[in-house]
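Remarks on the structure that follows.
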Amino acid sequence: MSFGELRIYNSLTRKKEIFEPLHAPHVGLYVCGPTVYSDVHLGNCRTFTMFDVVYRYLSFLGYKVRYVRNITDVGHLVGDADEGEDKIAKKAKLENLEPMEIVQRYTNGFHDVMKALNNISPSIEPTATGHIPEQISLVERIIENGYAYERNGSVYFDVEKYNQNYHYGKLSGRNIEEQLAGHRTLDAQEEKRQPVDFAIWKKANPEHIMRWHSPWGEGFPGWHLECSVMSMKYLGNEFDIHGGGLDLQFPHHECEIAQAVAGSGKDPVRYWMHSNMLTMNGTKMSKSLGNVIMPAELFEGTNALMSEAYSPMVLRFFMLQTHYRSTMDISDDALKAAKSGYLKLINALRTIRNMDYENTAEDIQINEKAVKDIQKSIDTIHKGLNDDFNTAVALSGIFNLVKKVNTLQLGQLLPAQLGKETFELLKHSLLRISEDVLGLQEETPNLSPLIDVVLDMYKQAKESKDYDKVDALRQEAKAIGIVFRDLKNGSIWAYEE
RNA sequence: GGUCACGUGGCCGAGUGGCUAGGCAAGGGUCUGCAAAACCUUUUACAGCGGUUCGAAUCCGCUCGUGACCUCCA
């Protein structure tokens, strides 16, 4: 089955381009992961969920995707670039922990959230600290090629030099000459030749906890180096897709390009993808602004702005309703609407999963309009996904199919009126796109309130000495691993041990 | 200040030169013991002002408004 051509908006060319992998059917996908010095917030979740859909859809199309998403466990610097502290080291000092304890704690938390959101684990999840030798080696190559210089144990990337031969700013659309001209006043203590230069290796101050030996003394790798090194190590000197949040476009990704080009002479990335920001009341959600909502707060309903708890799948559905290149604003009302929509979809998925094609009557006519509607909706879904992963359009097609499923359930439309082929296509498309591509799945409900109801029935049966019913209830409950226990002061239910 | 986005109906959000996006909410109807759900149906649009065009929400210009990046950020 052919699904048509996939087109991806490439930030580098600012155009949608037909996706052609370098080495089909293999696809290399690199996504900038989190810096693990604190819990991920909903904005982070949006980006990772979005690229999860990219990964899922590419896989659905039959590509063999190597999906690499790093863990940044050397903190970027806090505050003013040169005098700042490493975020992870700072947090470690603050909480009197080993930096790697901080890293482990928040990595675990990140994985838990990803799992709750049904994001598939990447093929490789490399860490920055696990690739120090490779980073040192890239620094050496950049120096050899004349695009970096050492000062007092730190190594800086020479942006002006690089820009003479290449184009620094090609990804973010910046004009470096203007930036150079606009910042002529250099600080006296400034080690850099130009303010636009950036550190690729940084000398560790005596109090700096995270430090490694290098040809330039004890230090730690620069802010953008890890992604350059790890993407090329695992995906090659040229690979297909590099993604991340829009706020990483500059300087992070611009610097990545510069480092790679300065090291190897070649820009490794063919398609750059950037997902837009999640906002609250129109303002970007970010750690530094403090206007963040944590996933746990949302899932548990403890956030002050939310009237109720919203499950991970509701959040995922909510995110998929917006195209990834648009900003999306989160609010209680919007999540409430998403919850209703999500449940409507899930109910339809349950319905169609349990429905089989049957044709008992002989004189049933094919309902041409229904068949055409279904084909059109499925077409919409694939067109949407192919058009730069437009999940919002795909969902519109899905909901048109949901309507058909509900009509089938009511018996207003019979499977036989669709014909076997269309019925199976409807069933298969709806389930596979919703579950495999969009990653929306049924969540196991909390059954406690329901068990309480049964417990009440049990208590009543006991009281009226209806022991047949008591035994029956016990047996039914036991079948799902629940037992009723008669204590002196009443009956309770518990998980069978 | 520089660069770049965006402004769609009650809300959220696609689309982008002529063809019903979708979800939520609201009104009416069908069904139902009553509900709920579902199905059918209706209402409310493209910030403002100009321009291009047979035709613009969609292209161009201006105005107003909002945001992002330029410093760590997904």
Side-chain angles (χ1 to χ4, degrees), chain A residues 11 14 31-35 37-38 40-51 69 72 75-82 84-87 110 169 172-176 178-179 181-183 195-196 198 223 243-252 254 274-279 281-289 292 317-318 320-345 347-348 351 376-377 380-381 383-384 387 390-413:
Chain A
S11 302
R14 289 154 197 266
V31 174
C32 289
T35 306
Y37 66 95
S38 66
V40 287
H41 58 71
L42 256 30
N44 302 309
C45 291
R46 183 189 183 192
T47 296
F48 300 129
T49 302
M50 151 58 202
F51 284 105
R69 187 184 63 206
T72 297
H76 299 297
L77 298 180
V78 170
D80 288 330
D82 289 316
E85 279 180 283
D86 183 289
K87 281 176 178 166
F110 169 63
S172 54
R174 256 154 248 267
N175 183 340
I176 206 63
E178 281 174 12
Q179 292 192 36
H183 293 271
V196 288
F198 56 92
W223 323 324
L246 190 59
D247 51 358
L248 294 183
Q249 191 174 41
F250 188 90
H252 186 61
E254 198 70 65
H274 291 98
S275 65
N276 215 320
M277 299 293 102
L278 182 69
T279 63
N281 300 321
T283 307
K284 176 186 172 184
M285 187 180 285
S286 83
K287 287 173 191 171
S288 48
L289 293 176
V292 295
F317 178 88
F318 169 69
L320 296 177
Q321 278 184 303
T322 308
H323 183 66
Y324 76 91
R325 281 192 290 113
S326 300
T327 54
M328 80 178 301
D329 202 63
I330 195 166
S331 67
D332 189 46
D333 283 347
L335 281 166
K336 204 170 286 188
K339 182 179 181 179
S340 297
Y342 162 72
L343 293 172
K344 183 177 182 174
L345 171 61
N347 282 328
T351 301
K376 192 180 166 191
S377 297
T380 297
I381 292 168
K383 274 190 182 146
D387 186 12
N390 196 325
T391 52
V393 166
L395 276 173
S396 78
I398 283 175
F399 273 98
N400 285 323
L401 294 181
V402 164
K403 201 163 279 187
K404 285 288 179 288
V405 169
N406 289 332
T407 311
L408 284 167
Q409 188 184 33
L410 284 178
Q412 292 173 349
L413 179 69

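Throughout, protein chains are lettered first and strands after them, A, B, ... in sequence-line order, and every chain is numbered starting at 1. Computed from a prediction, not measured in an experiment: that's the story for all the values here.
For the pair A:M285 CE and B:A68 P, the computed distance is 13 Å after rounding to whole Å. Atom OH of A:Y37 and atom P of B:C73 are 8 Å apart (whole Å). Rounded to an integer number of Å, the gap from CG of A:N347 to P of B:G23 is 15 Å. Distance, A:Q321 CD to B:G22 P: 13 Å, rounded to whole Å. Distance A:H323 NE2 to B:U8 P: 18 Å, rounded to the nearest Å.
Counting distance only, with no hydrogens placed and no angle test, the side-chain atoms of A:K284 and the base atoms of B:C73 include a donor-acceptor pair under 3.5 Å. Between the side chain of A:T407 and the base of B:C39, no donor-acceptor pair under 3.5 Å is found.
The side chain of A:N390 places an N or O atom within less than 4.0 Å of a non-bridging phosphate oxygen (OP1 or OP2) of B:G15. Residue A:T380 has no polar side-chain atom (N or O) positioned under 4.0 Å from OP1 or OP2 of B:A21. For A:K287, a side-chain nitrogen or oxygen approaches OP1 or OP2 of B:A74 to under 4.0 Å. Dashed line: the shortest gap from a side-chain N or O of A:K344 to OP1 or OP2 of B:C24 is under 4.0 Å.
Counting any heavy atom pair closer than 4.0 Å across all strands shown, A:K336 reaches no nucleic acid atom. Among the protein residues, A:D247 comes within range of the nucleic acid bases, having at least one heavy atom under 4.0 Å from a base atom. Using a 4.0 Å heavy-atom distance criterion, A:H274 is classed as making no nucleic acid contact.
In this structure, A:S286 and A:H41 approach most closely via the heavy-atom pair CA-NE2, 4.1 Å.
In this structure, A:F51 and A:Y324 have tilted ring planes: the angle between them lies in the 30° to 60° band.
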